[in-house]
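Fair warning: this is a prediction, and the values are worked out from it, not measured in the lab. Hydrogens, waters and symmetry mates are skipped; everything else that's a heavy atom, side chains included, is used.
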Amino acid sequence: AMAAGGAGHDISVGSLPPPPPAAMASSSVRIRTARNDDLPALHELMYESYMALVEVYDPSGQNKAIYDFVHDLALAGRESNLKEVEQAYLACPRSHFWVAENDKGEVVGSVSITPANAHEADLKSMAVKSNLRGGGVGKRLLEEAFAFCDEKGYLRIKLVTGNPRSAEFYKKNGFKTYQCRASTPIPGLAARGFLMVKTIADKLIRTVAIVGGVHGNERLGVELARMWLQDAHEVTRPTFKTVVVLANEKAVEKNVRYVDYDLNRLFSEDALADSSITGYEKARAQELLTQLGPKNPEGTSAADFIIDLHSSTANMGQSIIMDFDNDAFAHRVAYHLQTRVEPSLKVAGKATSKKQSYSVDSISPSGLALELGPIAHGTLLASHFAKMRRLVNATLDYINQHNEALLVGAANPSDQRVPVAQVPSMVRTEFPTLEFHHYQFVVDYPRDASGRIAAMLHPNIEEDDWQEIHDGDPLFVRFTGEVLPFKRPEEPPSPNRFYKPNPNEPLYGIFINEAAYYEKGIALAICKLVDKHIY
């Protein structure tokens with residue numbers, strides 16, 4: 001990889017000098033659970049592991065800037081990742097930390113597992129003393145982690161490494177490389193980060209919930225739910241149970257978005273615990289959690305997958321709103337719909353922890369929202385009704401096909417989880433990418449001193465969802481006629497951990513002039529387009 005603006009260091013595996021011969025690991029090395037008194041040795045081990053990147057980035061050893069960069073990275077990583085072991089890792093039943101100890105009682109290797117979400121584990125703190133690398137210690141540590149993940153019911157194990165040699169080690173132990181990232185402040189240096197995933201099992205989807213009327217005036221979802229509540233034959237599939245829910249009946253009766261509080265903002269941990277939020281929708285949220293939940297880290301909800309039906313006054317076309325990071329199965333569904341069913345389909349979402357995700361589809365371990373527009377609130381369009389109906393049925397068909405493939409390898413028809421080794425057809429050899437519009441920040445309307453809206457969206461951007469927006473493009477026009485241009489923030493809007501200012505990175509606007517967002521202070525949402533790897 002070449003750094004932008006000039007020649008860079010290619011740090012692909014083929015360009016590296018061969019690693020030094022490894023000493024044979026002692027047969028007396030044992031794997032045990034880590035303790036807090038291992039922290040000094042673990043800090044030393046982590047530092048050594050990070051500093052191995054110096055040779056990766058600068059084989060000649062002549063670039064002090066690279067040494068200083070890696071040194072600072074090593075110190076920061078050592079301190080931020082390993083402050084505590086017993087409470088941070090061992091108190092959680094789905095986390096663990098192991099060390100390898102030699103016959104002198106010295107810590108010579110480590111690895112840890114923490115939950116990324118209900119189905120995926122993060123593998124971290126993997127390190128082996130340099131004089132023992134290649135002697136089998138790392139493999140034994142991985143095997144311990146794999147057995148733990150299998151016991152705890154994880155489907156996949158993920159990790160990120162910046163070391164190509166480490167990436168090769170993981171590949172030899174069943175990991176696939178899904179993504180590379182360029183990330184370094186050193187001029188002329190192109191560094192690679194490898195996202196690696198090992199799939200150990202897949203999950204049967206036993207119950208799918210179709211939820212309409214979360215917003216009572218979004219009539220497409222309301223009428224589809226009513227139709228399927230009367231006759232569910234169309235949405236019935238042989239390998240799973242389908243549950244149809246009309247979520248917000250009082251708002252539906254009044255043909256309004258909500259009665260007391262936006263139901264689709266009530267499913268985060270904070271909102272559920274907020275005693276100041278009361279009324280019909282708060283009670284209804286608890287009822288839906290009882291019916292479709294519980295919402296928990298183990299992913300043991302009554303509904304395995306939720307399809308939430310929405311419509312928008314914005315020109316969203318046929319689109320999906322979903323989690324960016326933590327729902328690999330929903331990403332597969334979206335990829336199937338985009339490539340096999342509706343090529344115009346757009347996908348957007350943000351990275352949010354399950355605890356703080358506030359939408360209805362976050363109740364289940366996996367899910368998505370279908371969003372169609374433009375359509376006025378409280379109205380119906382036959383063309384949009386047909387499009388949403390088609391997307392729902394295509395989603396159900398895909399889930400059924402997924403189940404049928406897994407059932408071939410299931411030891412028992414009632415199994416929920418099937419090792420992929422038992423299902424050859426589920427072992428992927430291609431790793432495609434999904435075009436994903438990743439939320440960065442939202443833009444409010446200009447306001448006067450009293451807080452009233454003082455400008456409208458410019459005619460050039462009206463109904464222009466999913467299109468690139470450039471610095472200097474007309475964005476708003478004041479009532480007096482003054483045009484206000486778009487300018488990307490120089491600092492991330494607070495609080496925001498996703499947006500990193502980059503003048504060369506294209507940005508796109510969505511939910512432009514959505515009527516329901518006037519009360520929320522949102523004129524449009526700004527996204528960047530990324531390739532999301534499907535696994």
Side-chain angles (χ1 to χ4, degrees), residues 1-23 38-85 88 99 106-112 122-134 138 158-170 177 179-196 489-492 496-505:
M2 303 300 288
H9 295 276
D10 187 330
I11 63 162
S12 63
V13 175
S15 68
L16 295 174
D38 294 321
L39 282 170
L42 288 170
H43 286 166
E44 181 182 337
L45 194 62
M46 290 298 106
Y47 180 80
E48 180 185 300
S49 178
Y50 273 103
M51 291 306 292
L53 291 172
V54 171
E55 185 180 354
V56 170
Y57 293 163
D58 181 30
S60 68
Q62 301 300 309
N63 192 323
K64 185 176 184 300
I66 291 177
Y67 178 89
D68 290 343
F69 164 64
V70 175
H71 174 72
D72 291 344
L73 189 70
L75 292 178
R78 182 183 70 179
E79 298 304 323
S80 64
N81 294 334
L82 276 176
K83 293 181 179 180
E84 212 273 343
V85 170
V99 295
E106 298 168 333
V107 172
V108 295
S110 67
V111 69
S112 69
D122 284 328
L123 188 145
K124 300 178 179 178
S125 308
M126 180 70 192
V128 175
K129 278 284 189 181
S130 57
N131 65 320
L132 293 178
R133 289 173 194 159
K158 301 189 301 182
L159 64 93
V160 175
T161 180
N163 191 326
R165 287 191 191 128
S166 297
E168 285 298 301
F169 165 74
Y170 291 121
T177 304
Q179 182 175 325
C180 294
R181 296 197 300 265
S183 176
T184 170
I186 306 298
L189 173 67
R192 290 182 185 176
F194 301 89
L195 169 64
M196 312 202 70
E490 294 181 1
E491 297 293 333
N496 190 306
R497 62 187 177 88
F498 312 118
Y499 177 66
K500 296 180 180 179
N502 180 351
N504 300 314
E505 186 170 62

> What pair of heavy atoms forms the shortest contact from Thr161 to Ser166, and how long is it?
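So the minimum-distance heavy-atom pair works out to OG1-CB, 3.5 Å.
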> Does any non-hydrogen side-chain atom of Leu42 lie less than 4.5 Å from one of Val85?
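Heavy-atom side-chain distance check passes, below 4.5 Å.
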> Considering residues at least two apart in sequence or located in another chain, which fulfil the side chain to side chain contact (heavy atoms under 4.5 Å, CB included) criterion with Asp68?
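Asp68 satisfies side chain to side chain contact (heavy atoms under 4.5 Å, CB included) with Lys64 once adjacent residues are dropped.
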> For Ala41, give me all partners under side chain to side chain contact (heavy atoms under 4.5 Å, CB included), at least two apart in sequence or on another chain.
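Counting only residues at least two positions away or on another chain, Ala41 forms a side chain to side chain contact (heavy atoms under 4.5 Å, CB included) with Val107.
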> Measuring from Phe194:CZ to Leu159:CG, what's the distance to the nearest 0.5 Å?
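The CG atom of Leu159 is 11.5 Å from CZ of Phe194, to the nearest 0.5 Å.
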> Using every non-hydrogen atom in the two residues, find where Val128 and Glu48 come nearest and quote the distance to one decimal.
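Minimum heavy-atom separation between Val128 and Glu48: O-OE2, 4.1 Å.
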> Working to the nearest 0.5 Å, report the span between CZ of Phe169 and CE of Met126.
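Those atoms lie 4.0 Å apart.
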> Nearest 0.5 angstrom please: Glu44 CD to Leu39 CG, how far?
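Separation between the atoms: 13.0 Å.
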> Output the distance between atom NZ (Lys124) and atom OG (Ser110), rounded to the nearest 0.5 Å.
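Lys124 atom NZ to Ser110 atom OG measures 13.0 Å (nearest 0.5 Å).
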> Of the non-hydrogen atoms in Leu45 and Ala127, which two are nearest, and what is the gap between them?
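Looking at all heavy atoms of both residues, the closest pair is CG-CB, 3.8 Å.
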